[in-house]
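Along the sequence shown, the residues carry numbers beginning at 1.
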Amino acid sequence: MSSGSSSALSIPRLRWQYTLGLAAIGLVLLIGAAVIYSVRVGQDDLSRSIALVHGQQTLLQRAAKAALVLRDTSDRATRTHYLEELDATLTRLDAQHDQLRNDAGNGRAVHRLYVELEPGYRATLEHAEAIQKSLARAGPEDATNIDVYVQQLLTREPALTAALDGIITQYRADAHARVVRVRAIEYGLVAAILLVLVLEGLLVFGPTLRRLQVYVGDMIRAREAVRESEERFRRLSEAAFEGIAIHRAGQLLDANQSLATIFGYELTVLVKKDLRELLSPAFHDKILTASGNATSAPYEAVGVRKDGALFPIEVISRVIPYGGNTVQVATIRDISDRKRVEVALRRAKEAAESSNRAKSEFLANMSHEIRTPMNAVIGMTQLLRETKLGREQREFVDTIRTSGEALLIIINDILDFSKIESGKMELEARPFLLHACVEEVLDLFAAKSLDKEIELAFFSEEGTPKAVLGDPTRLRQILVNLVGNALKFTEKGEITVSVESATDEHGLWLHFAVSDTGIGIPPERLNKLFEQFSQVDASTTRKYGGTGLGLAICKHLAELMGGHIWVESEVGVGSSFHFVINVGEVEDPAVVERADAQRKLANVALLRDKRVLIVEDNPTIRQLIMQLSRRWGMLASSVASAELAMQCLTEDRPFDIALLSAHLAETDGINLARRIRDTQQLATLPLIMLTAPGDAKIREEARELRAHCLTKPIKQEQLYDALLRAHEDLNAPAVARVETVFDTSVSERTPLRILLAEDNIVNQRVAVAILGRLGYKADIAGNGLEAVRALEDQDYNLILMDMQMPEMDGLEATRRIRATISPLRQPYIIAMTANAMESDRRACLAAGMDDYIAKPVRVNALVEALKRLEHEAPKAGRNIGV
């Protein structure tokens with residue numbers, strides 16, 4: 001249909017418009033009739049009022065006549081008769097007068113005339129009543145009074161009659177005005193009806209006639225279009241690559257040339273055949289089952305060419321009207337080429353999957369080979385940390401441990417990138433200390449920042465939770481990348497890490513910012529910053545190194561944690577990398593805090609209201625220490641030089657503690673400490689010296705001056721601990737307490753016979769030593785086969801099973817144990833392996849293991865696994881009775 005079809009005739013719409021016009025006319029007539037009826041009712045009221053006024057005039061005349069007769073007659077009977085007539089006349093006169101005067105239909109002019117009439121009317125009534133009373137007494141004086149009253153009555157009667165004539169005249173004028181109004185309303189009604197009719201003609205019948213004209217034209221054009229469409233369809237069907245068959249119950253009615261070509265027939269021969277002759281017998285019923293108006297889903301079938309060759313086809317069927325009846329239309333396509341392509345794609349897919357499996361196996365082996373020596377580094381560091389060490393030695397050990405863990409994370413970057421590419425990156429969710437996670441990152445870069453004389457600082461905004469639920473490893477990985485980049489591209493100044501929190505309907509959000517005073521990034525390079533294998537420019541790679549994967553991984557990790565990452569930068573001023581992540585809330589942060597942190601938090605009252613002086617020339621570090629100390633209730637003051645420090649310390653109100661930077665612009669902190677000790681009033685003032693890692697000489701001199709040492713970068717717990725030590729015991733020896741993570745109560749509660757299945761000798765030593773610190777002894781099996789044989793000879797409650805071992809791996813050994821060992825002797829099996837991917841964990845559990853620990857083994861993770869064993873082993877029917 002042409003574009004004018006939008007104006008085509010609409011019978012329902014026309015009916016509605018016509019009805020609306022009639023309704024408008026009816027409404028106008030109804031309103032006019034109501035108004036005319038109201039006016040006519042008023043006219044009737046006026047007529048009755050005029051008749052009553054005439055009656056008033058007659059009654060006044062009758063009253064005057066009765067008064068004259070009563071004055072002139074002395075006959076008792078006549079007097080009695082006219083007295084009664086006078087009384088009746090006055091009664092009717094008064095009643096009609098009140099009715100006329102109070103009629104609501106009176107106009108303002110009539111009402112005014114009645115007001116003017118009222119005094120004379122009342123006087124006339126009074127004269128008539130006086131005549132009645134005088135006649136009733138009938139004394140000589142009364143006869144005289146009667147003459148007076150009759151004379152007054154006769155005098156007022158003409159005036160009243162004239163006034164009533166005026167009222168009648170006004171009534172008639174009002175009646176005439178009403179007649180004029182009725183005529184105006186009638187003319188208005190006629191005009192309104194004519195207007196409605198005109199509008200009906202203009203707005204309804206005129207457009208309807210035009211639409212009717214368009215509609216007729218459209219119908220003519222539509223018929224032409226149908227004929228053209230049929231011809232065009234015929235041409236298209238002849239040119240189509242698909243075969244088109246129109247059939248009824250299988251008998252072909254029409255077909256196109258493509259169908260004849262597909263099956264190898266002449267078109268004139270093909271249209272005489274049954275469609276079922278063109279299909280394999282297995283599909284005869286299916287080609288006839290199409291029904292309804294819906295198009296059937298494409299399905300594959302087997303066609304039969306003229307020469308009898310079979311070939312794959314795709315069929316779509318639909319029922320359509322055709323020649324006054326319904327027929328089926330089948331679209332048939334030769335899919336031989338597609339089938340060949342599908343075979344080739346399937347083979348290519350199998351080859352790609354084989355290559356991907358090889359890549360995954362390579363990555364798994366690489367992860368295993370890297371984690372195996374790292375297990376020894378981290379495990380032995382944990383054991384060394386349990387020995388009696390000085391504070392400096394303990395800091396070195398902690399740095400080795402955190403460096404080893406960071407090295408493991410950095411090595412995992414390439415593995416992580418591969419996981420991200422394949423969509424296999426998975427996050428864990430566990431509670432962790434937020435500030436400890438950040439401070440461990442800063443520890444990694446403390447020595448390098450000292451070499452470059454760059455300050456590192458960490459700010460935690462007020463209200464930020466201490467413990468959150470999330471993936472600390474991946475968070476640490478992002479921070480290591482960002483802080484490492486900041487240190488790489490910063491030659492002087494400072495690097496700060498800050499975190500703040502906010503909550504909304506999606507949970508708890510952490511906003512981190514890593515800011516530096518480095519070289520900055522040009523605006524035109526910002527959009528490429530987070531792309532893989534990309535750096536600001538080629539000279540950056542040559543000067544600073546790097547693969548260009550770090551920021552790309554940070555971007556993916558931030559997005560995996562529900563957030564995003566961005567950067568703000570100015571060339572020559574510095575850069576600030578921001579990222580937000582979504583984490584869970586921890587109901588009781590004390591559960592995840594270390595034992596010493598819990599003890600320190602319990603002593604927070606000891607520092608409240610204590611005055612502390614901070615002597616530091618770097619404003620960022622000074623602000624950080626001020627913020628932390630005030631958070632603990634201390635009264636903090638700060639200065640930037642030794643001279644200002646001495647002025648503050650010698651004031652009348654003394655300080656309780658002083659924190660001195662070892663490196664000040666004018667002099668070093670050691671000289672300032674000597675001046676303080678040489679001042680008599682400050683000789684016992686507790687001092688804390690802020691030093692850098694490796695300042696052994698300064699630390700020794702500080703101890704001689706009875707000053708506690710605190711290593712930069714400043715960490716919240718270490719600062720808290722130093723302030724407590726300075727307050728509680730100035731002369732305490734500078735040997736740190738052994739902070740054990742080994743829970744020997746586990747072995748006391750649950751004594752176990754343990755078998756360690758591990759082929760690496762170094763890892764055997766690490767595991768045996770860790771178990772020994774927990775109070776356990778372990779037998780060793782060098783591979784899975786030895787573990788199976790050992791269990792045949794002796795019962796074990798627990799097997800720590802590696803995955804990759806010679807002769808028999810841990811998975812096969814576990815399956816063999818579960819299949820051959822009696823249920824009453826089944827041990828609890830924990831995977832302890834360097835195969836650290838999630839797929840490895842699932843494989844271990846599927847093989848029959850009860851728990852899983854990834855290498856490098858953390859003591860806390862092993863202790864938690866042993867605690868789970870206490871509860872889970874009896875439920876699983878495992879043998880844990882010694």
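Taking CG from Asp516 and CZ from Phe577, the interatomic distance works out to 7.5 Å, rounded to the nearest 0.5 Å. Rounding to the nearest 0.5 Å places CG of Leu278 at 4.5 Å from CZ of Phe263. Rounding to the nearest 0.5 Å places OG of Ser280 at 9.5 Å from CD1 of Ile313. Distance check, rounded to the nearest 0.5 Å: CG of Leu469 to CG of Asn582 gives 10.5 Å. Once rounded to the nearest 0.5 Å, the distance linking OG of Ser575 with CZ of Phe489 reads 9.0 Å. The line from OG1 of Thr464 to CG of Leu510 is 7.5 Å long, rounded to the nearest 0.5 Å.
A salt bridge (charged side-chain N to carboxylate O under 4.0 Å, His left out) check over residues 560-586, counting only residues at least two apart or in different chains, returns nothing.
Counting only heavy atoms from C-beta outward, the side chains of Phe579 and Leu479 approach each other to under 4.5 Å. In this structure, Lys555 and Ile478 have side chains that are not in contact, with every pair of non-hydrogen atoms separated by 4.5 Å or more. Residues Trp509 and Val583 fail the side-chain proximity criterion, which asks for heavy atoms closer than 4.5 Å. When side chains are defined from C-beta on, Ile244 counts as touching Val329, because their heavy atoms get closer than 4.5 Å. Taking the side chain as every heavy atom from C-beta outward, Ile521 and Leu529 approach each other to under 4.5 Å. Within the 4.5 Å cutoff, side-chain heavy atoms of Pro465 are placed close to those of Leu508. Put simply, the side chain of Leu475 reaches to within 4.5 Å of the side chain of Leu434, judged on heavy atoms. Contact of the Arg248 side chain with the Gln328 side chain is not registered, since no non-hydrogen atoms from C-beta on lie closer than 4.5 Å.
A salt bridge between Asp274 and Arg276 is present, with a side-chain N of the basic residue lying under 4.0 Å from a carboxylate O of the acidic one. A salt bridge links Arg338 with Glu300: at least one charged nitrogen is closer than 4.0 Å to a carboxylate oxygen.
For Leu252, the side chain to side chain contact (heavy atoms under 4.5 Å, CB included) criterion is met by Ala245, His247, Leu270, Leu275, not counting sequence neighbours. Listed by chain and residue number, Val343, Glu350 satisfy the side chain to side chain contact (heavy atoms under 4.5 Å, CB included) test with Arg346 (two or more places apart in sequence, or in another chain). Residues passing the side chain to side chain contact (heavy atoms under 4.5 Å, CB included) test with Lys306 are Tyr265, sequence neighbours excluded. Residues passing the side chain to side chain contact (heavy atoms under 4.5 Å, CB included) test with Ser336, sequence neighbours excluded: Phe311, Pro312, Asp334, Arg340. Legend: residues meeting side chain to side chain donor-acceptor pair (under 3.5 Å) with Lys272, ordered by chain and number and at least two apart, are absent.
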*Go through Leu279 and Val304 one step at a time and tell me if the side chain to side chain contact (heavy atoms under 4.5 Å, CB included) criterion holds.*
CA-CA 5 Å; Leu279 299 175; Val304 182; 5.9 Å; no
*Applying side chain to side chain contact (heavy atoms under 4.5 Å, CB included), run through Leu259 and Ile332 and close with a yes or a no.*
CA-CA 7 Å; Leu259 186 70; Ile332 299 174; 3.9 Å; yes
_Working for side chain to side chain donor-acceptor pair (under 3.5 Å), residues Gln477 and Arg474_ = CA-CA 5 Å; Gln477 185 174 354; Arg474 298 305 175 190; 2.7 Å; yes
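Cys554 and Asn481 make their closest contact through SG-CB, 3.4 Å (heavy atoms, listed as atom of the first residue, atom of the second, distance). Residue Gly470 comes nearest to Pro472 through the heavy atom pair O-CD, 3.3 Å, listed as atom of the first residue, atom of the second, then distance. Between Glu266 and Ala260 the shortest heavy-atom distance is C-CB, 4.2 Å. Closest approach of Leu267 and Ala255 over heavy atoms only: CD1-O, 3.7 Å.
Taking the six-membered ring for Trp and thresholds of 30 and 60 degrees, His564 and Trp566 have nearly parallel ring planes, at less than 30 degrees apart.
For the side chain to side chain donor-acceptor pair (under 3.5 Å) test with Ser576, the passing option among Ser515, Ser498, Ser569 is Ser515; the others fail.
Counting heavy-atom neighbours within 6.0 Å of Glu342 CD, excluding the residue itself, gives a total above 12.
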